Number of protein chains: 2
Amino acid sequence: MAASTLTEVARLAGVSPATASRVLNGSARKPGKDIAERVRQAADSLGYIPNAQAQGLAKSSSGLIGLIVHDIADPYFAAIARGVQEAAREQRRMVLLATTGGAPGEEKEAVAAFAARRADSIVIAGSRSSRAEDGDQNAELAAELDRYCRNGGQVAVVGHPVVGAAAPEGYHVVSVPNQELAAKLAVELAAGWDGDFVIIGGPEGLFTSDDRIRGFQEGLSRAGRGPAEVLRSSFNRSGGYDAGLKLAARIKAGGTGQSGRPAGNGLGIFAVNDVMAIGAAAALRTEGLRIPRDARIAGFDDIETLRDFRPALSTVSLPLEEIGRLATRATAPPTADGDEQDYAPLPVTGKVMLRRSTETAD
Amino acid sequence: MAASTLTEVARLAGVSPATASRVLNGSARKPGKDIAERVRQAADSLGYIPNAQAQGLAKSSSGLIGLIVHDIADPYFAAIARGVQEAAREQRRMVLLATTGGAPGEEKEAVAAFAARRADSIVIAGSRSSRAEDGDQNAELAAELDRYCRNGGQVAVVGHPVVGAAAPEGYHVVSVPNQELAAKLAVELAAGWDGDFVIIGGPEGLFTSDDRIRGFQEGLSRAGRGPAEVLRSSFNRSGGYDAGLKLAARIKAGGTGQSGRPAGNGLGIFAVNDVMAIGAAAALRTEGLRIPRDARIAGFDDIETLRDFRPALSTVSLPLEEIGRLATRATAPPTADGDEQDYAPLPVTGKVMLRRSTETAD
DNA sequence: AACAAGTGGGAATGCGCTTTCCCAATCAGG
DNA sequence: CCTGATTGGGAAAGCGCATTCCCACTTGTT
């Protein structure tokens, strides 16, 4: 028994498929009350479920929205995904998920796959990279997105625009003030701690990471401090852990900081995201160091699952879920009532959260 | 410029659409080398992307796999989702995401939506509930799934079968030995602690929760202990927190001295999942109690993000990602080479992890 | 009472693709 | 050199639905 079709329903109700279509799937023309009723009965006596593929083919639009993330198990992306999902539901659309590990090549393929499925819009949540080695693939990604938009697709990118993407109609950016917020964090941290700072960053070229590093340095300078040393490492917990081990060794050596000043009273560590910060903290702890006594540490994102971590992690709170919602809404088809989609970047704000992990002991 | 079609490609290459289709989209019949080359060139000079909807319609199969979870931002589901995503990629399929908050009504709708999109298979990750008030909707869910399977769909359920679902062909269950593992945990905990146990459970009727509670009680009895009291609360962090507050009060009431050290020697707490356990721990801490000194606490799932929590949480490690993969693979179309899909439940094993949070002080 | 405008339903077309089915050309064997 | 078996390409029929016409019929107007 194959799923029943509109035609079968129509036949059962004794009407034409056209009429059945009109009553079952919102059309401008509303058939007469009695007929409508008959069709509806026939439909659910048959357990009719419209074939979305056929519908999509017929009206060329699928009710699908594609979401691209690096890793759905990363709480950062998971939070954004929740927002996207929520907004999608509001718009009665479904979300198609693609994970790419951050490789632009994979992202390009994901875009193509979404295009193939005629997704109405695409939300790209992962941070883009500007590394030279990714240049070609980035270009391909941009080209693919471009084509997608030209064919009427809507795209929203979280954070940075895709490198080299022209900005055709339908291309939206939800920009996150990573740099500003990192600067603010630096300023506030510098106010409470006069030792050296070290930054644990992601691989060079990752926009999110680079912005946060740049912002932090800027904040330091604003506070009259010299630039902090930057340790590069992978953009996840184990990256943070590795960097943490190195720093632990340094702290225990009690040597001199990069500035040449004694680093006897520990270090101020800024990890470009919470997950890395937690990794670093774990490493320090493993090495017998205590936070914030031996090292103050701050992260970025304010991941919910990590809020119960002790000592409570200083960080920058970002409305991740809201960001997902905003991105999704930005791609919504123009609402009927004389709307005004603003194609300008949408405003997102964050908040510096100073907590236990950066308190000065005394 | 609308996306280009197969017909356009065919025309450019000077062949029939049939031939173009055969070379571009894997068909049994392979056209001649030279012609194939011409078609392929035409295709990518036009930037041709096959319309998956049309393909789906024509061969009635969509390359889609539907995933149903309660909340994608919950690390438990996120981990499973990662496994599903991974397996889907292996099979060159895409995943459609639906979140339901655990309501059977929503789940039924999600199944219908997947069916409408002609998803080849559905993976249901959320725990089902058997509460009376959900009875009707559960029945509807079961009916919907039944119909879906009868129409050739494959479904895999993680944990428990859907209540009332017959087991038609195409219905798979990845069973998780929640009860056994909880029993084992209880036995091991009881070996190291001779005080009272309390269980923080989810709402009554939630299978996962109930199984774990039952198992834990069973383990206690196996260890010669009486059954533990069960505190019901919501199946998330805040549920754990609330329960934690109550228990904190109780522990403190049990105490006399100003030392803060409760008389008696505290409580052994088992929360039915890690997230709840963390919530409970946070509550205890808020109330000035210390773990494991004033209360030993254990969770379930071994959520990765929570592994850096201190004191390290005793728990039961579950191969969440693997579970997602297994479920997805169970729904894979029979492989060509004389396969033998076993429709029997797949084996999943877990492991009791005793860590700091349940260590006895001395 | 006669005609224009409006209503409500059906026939037919097409969305983009896959897949029989059919036919011409090639091939092997005698 | 002829015949039956193959091969390789094209024509055409859907897949399930939305939608544009078109037509029969009911209303509303001088």
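In this text, all values refer to a predicted model and were calculated from it rather than measured experimentally. Each chain gets a letter, A, B and so on, in the order its sequence line appears, and its residues count up from 1.
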Under 4.0 Å: is that the gap between some side-chain N or O of [X] and OP1 or OP2 of [N]?
| X | N | answer |
| --- | --- | --- |
| B:Q55 | C:dT18 | yes |
| A:N51 | D:dC15 | no |
| A:N25 | D:dC17 | no |
| B:T7 | C:dG16 | no |
| B:S60 | D:dC15 | no |

Protein-nucleotides 8-10 of chain D N/O pairs closer than 3.5 Å?
| unit_1 | atom_1 | unit_2 | atom_2 | d |
| --- | --- | --- | --- | --- |
| D:dG9 | OP1 | B:G32 | N | 3.4 |
| D:dG9 | OP2 | B:G32 | N | 3.3 |
| D:dG9 | N7 | B:R29 | NH2 | 2.1 |
| D:dG9 | O6 | B:R29 | NH1 | 2.7 |
| D:dG9 | O6 | B:R29 | NH2 | 2.8 |
| D:dG10 | OP1 | B:S16 | N | 3.4 |
| D:dG10 | OP2 | B:S16 | N | 3.1 |
| D:dG10 | OP2 | B:S16 | OG | 3.0 |
| D:dG10 | OP2 | B:T19 | OG1 | 2.4 |
| D:dG10 | N7 | B:R22 | NH2 | 2.9 |
| D:dG10 | O6 | B:R22 | NH2 | 3.2 |

Discussion item. Between P on C:dA11 and CG on A:L6, what's the gap in Å once rounded to a whole number?
Written reply: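 Spelled out: CG on A:L6 to P on C:dA11 is 15 Å.
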Item to complete: Round to a whole Å and report the spacing from CG of A:L46 to P of D:dC17.
Response: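 For the pair A:L46 CG and D:dC17 P, the rounded distance is 11 Å.
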Item to complete: Going by the side-chain hydrogen bond (donor to acceptor under 3.5 Å, both in side chains) test, name the single residue among A:Q91, A:Q154, A:R93 that passes it with A:S121.
Response: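 Going through A:Q91, A:Q154, A:R93 one by one, the side-chain hydrogen bond (donor to acceptor under 3.5 Å, both in side chains) with A:S121 is satisfied by A:R93 alone.
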Worksheet item: Do NZ/NE/NH1/NH2 and the carboxylate oxygens of A:R325 and A:E322 come within less than 4.0 Å?
Response: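 Answer for the salt bridge query: yes.
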Practice prompt. State whether B:K33 and B:E37 are salt-bridged, where the test is any N-O pair (Lys NZ or Arg NE/NH1/NH2 against Asp/Glu carboxylate O) under 4.0 Å.
Written response: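 Salt bridge absent between B:K33 and B:E37.
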Worksheet item: If you look at every strand shown and take non-hydrogen atoms under 4.0 Å, does A:L57 touch a base, only sugar-phosphate, or nothing?
Response: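 Base, at least one base atom sits under 4.0 Å.
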Worksheet item: Under a 4.5 Å cut-off applied to non-hydrogen side-chain atoms, are A:V15 and A:V39 in contact?
Response: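 Answer yes - side chains close enough.
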Work out which heavy atom in [X] is nearest to a heavy atom in [Y]; give both atom names and the distance.
| X | Y | value |
| --- | --- | --- |
| B:V173 | B:G159 | CG1-O, 3.6 Å |
| B:Q85 | A:A98 | NE2-CA, 4.2 Å |
| A:A88 | A:T328 | N-CG2, 4.1 Å |

Worksheet entry | More than 12 heavy atoms from other groups under 6.0 Å of CG on B:N25 |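 Check passes, neighbour count above 12.
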Practice prompt. Any chance you could encode DNA chain D as dot-bracket? Rule is Watson-Crick or G-U wobble with both distances under 3.5 Å; [ ] for pairs crossing earlier ones, | for another strand.
Written response: ||||||||||||||||||||||||||.||.
